[in-house]
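Notes follow once the structure below has been shown.
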Amino acid sequence: MEALASVLGLPLAGGLLLAFVGHRDAARDVNAAFSFATLVAALVLMTHVIESGPFMVWNKAFFIDPLNVFLVTLTAFVGFTTALFSRPYMRIERDHGKMTPRRMRLYHSAYQLFNFTMLLALMTNNMGILWVAMEAATLATVLLVSVYRTAASLEAAWKYFILCGVGIAQALFGTVLLYMAAERVLGSEGGALLWTNLDAVKGQLEPNILTLSFVFMILGYGTKAGFVPVHNWLPDAHAEGPTPISAVLSGLLLNVALYAILRCKVLTDGALHTHLAGNLMMGFGLLSVVAAAFFISRQRDVKRMFAYSSIEHVGLMAFAFGVGGPVANFAGLLHMTVHSLIKSAIFFAVGHAAQNAGTQIMSEIRGLLRISPTVGWGLMLGTLAILGMPPFGVFASEFLILTTAMRVQPWATPLLLLALGVAFASVFRRVQPMVFGESSMQPLAHPPALLPTFVHLGLGLMLGLYIPPYLAEWYRQAAKMIGG
Amino acid sequence: MNALLSQFVNLLASALLMLSFAMISQRRILSLIHLFTLQGATLVAATILVGYATNQPHLYFSAGLTFLLKVVAIPLLLHRAIDRLNVRWDIETLINIPTMMIVGIGLVIFAFNLALPIAKLSATVARGTLGIALACVLLSFMMMITRAKAIPQVIGFLSMENALFFAATAATYGMPMVVELGIALDVLVGILILGVFMFQIREQFDSLDIRHLERLKEE
């Protein structure tokens with residue numbers, strides 16, 4: 001299937017090409033062009049799936065099903081808009097002397113390779129390759145986190161590398177155990193790590209091995225998803241790297257890590273016939289939501305604050321999938337989509353706001369509306385959207401999650417409401433004076449990229465009011481597959 | 001014949017465990033690198049032996065890959081790094097070895113208990129060694145937590161990778177080839193990036209002490 005090959009091949013080719021020419025001025029456009037071509041390929045792939053349903057290619061090595069088709073499109077889309085945003089953003093960074101030509105080359109090349117690793121992780125059918133791609137995603141971004149070479153960014157990158165490396169090593173042990181269970185049923189010939197094969201025989205997998213395997217998997221991939229208490233790397237990495245990278249780490253990588261856990265959960269549920277996997281996800285999810293909400297209230301750095309907000313939302317998604325059932329799973333998948341869109345939009349606005357102010361400390365960013373109304377409105381609307389105000393999509397998914405929780409797990413509802421309330425109060429209190437009020441900041445030298453921000457917010461708004469029928473159908477099918 | 005080979009695999013597995021303990025209690029960076037190389041070599045020997053005992057030729061390939069990566073390439077890179085960073089004779093002083101040994105023994109007991117019900121289900125000649133593999137993972141983990149310098153932390157990380165490789169051999173005769181190649185690629189790229197990092201850290205802080213990297217905290 002050519003569309004699938006191009007979705008994988010284009011960012012890989014882009015990464016290799018930009019490794020040689022990424023320092024040129026035109027590299028910003030080349031980067032955006034590769035991301036655009038990837039998006040077109042993903043859209044072709046999507047229409048193909050709408051017309052003729054899920055499929056597998058090349059000896060079952062890659063597959064597209066309702067659970068990953070929308071994530072692939074979302075990844076390609078946010079990858080493209082972020083590349084658009086990074087054109088003026090990186091130009092301003094270079095003018096400020098923060099990016100040398102060598103760093104620009106590293107940035108552009110690693111950006112494309114990072115997109116490649118995420119798309120590979122989403123589309124591979126092989127649980128081992130999924131692991132390899134997740135580790136490669138860390139490797140692709142780790143040097144970008146430290147690209148400014150400040151003491152804080154080096155520390156953030158070192159933490160990111162070591163903590164995610166250790167975390168993902170646990171997931172490898174989980175994968176080994178999964179393979180061991182699979183081999184007993186499927187034999188050692190090649191296909192024993194293919195998810196579709198495992199899914200077909202999941203009832204016969206040895207429950208003891210699968211239990212231990214899932215515990216290691218959720219710890220490992222959970223580190224990358226930013227579950228509390230293994231989240232320490234996340235706020236540092238999101239705050240210290242360049243803003244386009246914060247946007248894709250928050251908007252995309254967390255989704256991919258959660259996706260990996262979901263694939264494992266389906267297998268574990270099938271083998272165990274208990275709610276163990278769901279309970280673990282609910283526990284991690286709830287802990288992340290509550291802890292992150294209280295961490296949010298103590299932040300001074302704007303990117304750190306929104307990084308903690310990402311932990312909160314990932315926790316909410318994990319909780320939804322842990323509760324399970326058609327409605328909660330549907331809400332979790334919807335939340336994955338809108339959170340990606342809105343959170344990356346916020347990071348776009350925050351990036352320009354921090355460039356305006358020359359700092360990321362919130363108390364020093366004031367009166368954005370005076371200097372650059374579009375950045376100010378982008379940040380304000382994005383903040384309202386992520387805090388769950390209607391009519392944005394986050395409201396719809398949070399409403400579904402909360403009402404299901406009330407019905408199925410009533411004890412968790414007050415905790416969730418408390419956390420959402422604390423998060424609302426702390427974030428709004430900080431963002432309001434940043435947007436309104438007087439200001440002494442200077443306007444930016446180049447016009448900021450605001451199209452991506454408002455396109456994302458528009459899509460987030462649309463998903464709150466209207467979900468396209470095929471998307472809703474994928475959500476429903478994926479929700480059924482994830483089970484309860 | 002098979003029983004004898006199986007005993008040999010067990011012997012090599014216990015050698016791996018011993019080496020893990022030796023690494024925990026080693027203060028000198030140079031000796032740590034030697035121990036790591038030795039651990040890699042033991043892993044290669046164990047993989048070849050399992051491959052021979054069970055007639056699984058792809059394990060020879062996997063052993064070759066491990067040899068090139070863990071016994072030749074990575075130790076070479078580490079030696080070059082410590083020369084250029086001028087830390088060849090560095091000694092890490094702030095570790096309490098007796099306590100670490102006792103905690104380590106506790107970890108081994110825990111790992112054996114965890115792996116016991118699972119290991120029974122494995123059909124390989126090396127099934128008894130799954131507990132040892134898990135113990136090595138946990139010991140390397142502990143080493144990473146307790147070390148304050150960059151290179152010992154990295155060696156802890158790499159020895160965890162070794163232990164995971166051994167777990168794959170012990171439990172399932174190794175992962176499918178494409179996965180193994182992918183993992184090897186990740187490890188190689190990872191070590192190169194870590195090398196770049198060490199120079200960046202050194203340039204920034206004039207030392208490789210990770211304690212400089214503890215400023216980003218929640219106040």
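Convention: sequence-line order gives letters A, B, ...; per-chain numbering from 1. The shown structure was predicted, so the numbers you read here are calculated from the model rather than taken from an experiment.
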Residues forming a salt bridge (Lys or Arg N to Asp or Glu O under 4.0 Å) with R263(A), sequence neighbours excluded: D65(A)

In terms of heavy-atom pairs under 4.5 Å, which option from I193(B), V154(B), V137(B), L114(B) contacts chain A the most?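 Option with the top pair count is I193(B).
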
Interface check, chain A: of E161(B), M144(B), M175(B), E203(B), most non-hydrogen pairs under 4.5 Å belong to M175(B)

Under 3.5 Å donor-acceptor, [X] side chain and [Y] backbone:
{"X": "W131(A)", "Y": "G182(B)", "result": "no"}
{"X": "T124(A)", "Y": "F62(A)", "result": "no"}
{"X": "D301(A)", "Y": "K303(A)", "result": "yes"}
{"X": "D186(B)", "Y": "E135(A)", "result": "no"}

What's the separation between atom CZ in R300(A) and atom CZ in R430(A), rounded to the nearest 0.5 Å?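 Between atom CZ of R300(A) and atom CZ of R430(A) there are 9.0 Å.
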
At a heavy-atom separation under 4.5 Å, does [X] approach chain A through its side chain, its backbone, both, or neither?
{"X": "E180(B)", "value": "neither"}
{"X": "M177(B)", "value": "neither"}
{"X": "M160(B)", "value": "side chain"}

A157(A) versus chain B, heavy atoms under 4.5 Å apart: side chain, backbone, both or neither? both

Proximal component of L139(A), with respect to chain B [non-hydrogen, under 4.5 Å]: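 Interface part for L139(A): both.
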
Using every non-hydrogen atom in the two residues, find where C264(A) and M127(A) come nearest and quote the distance to one decimal. SG-CE, 3.7 Å

In terms of heavy-atom pairs under 4.5 Å, which option from I129(A), I162(A), V132(A) contacts chain B the most?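 Counting heavy-atom pairs under 4.5 Å, the top option is V132(A).
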
Highest number of heavy-atom pairs under 4.5 Å with chain B: which of L177(A), L212(A), T138(A)?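 That would be L212(A).
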
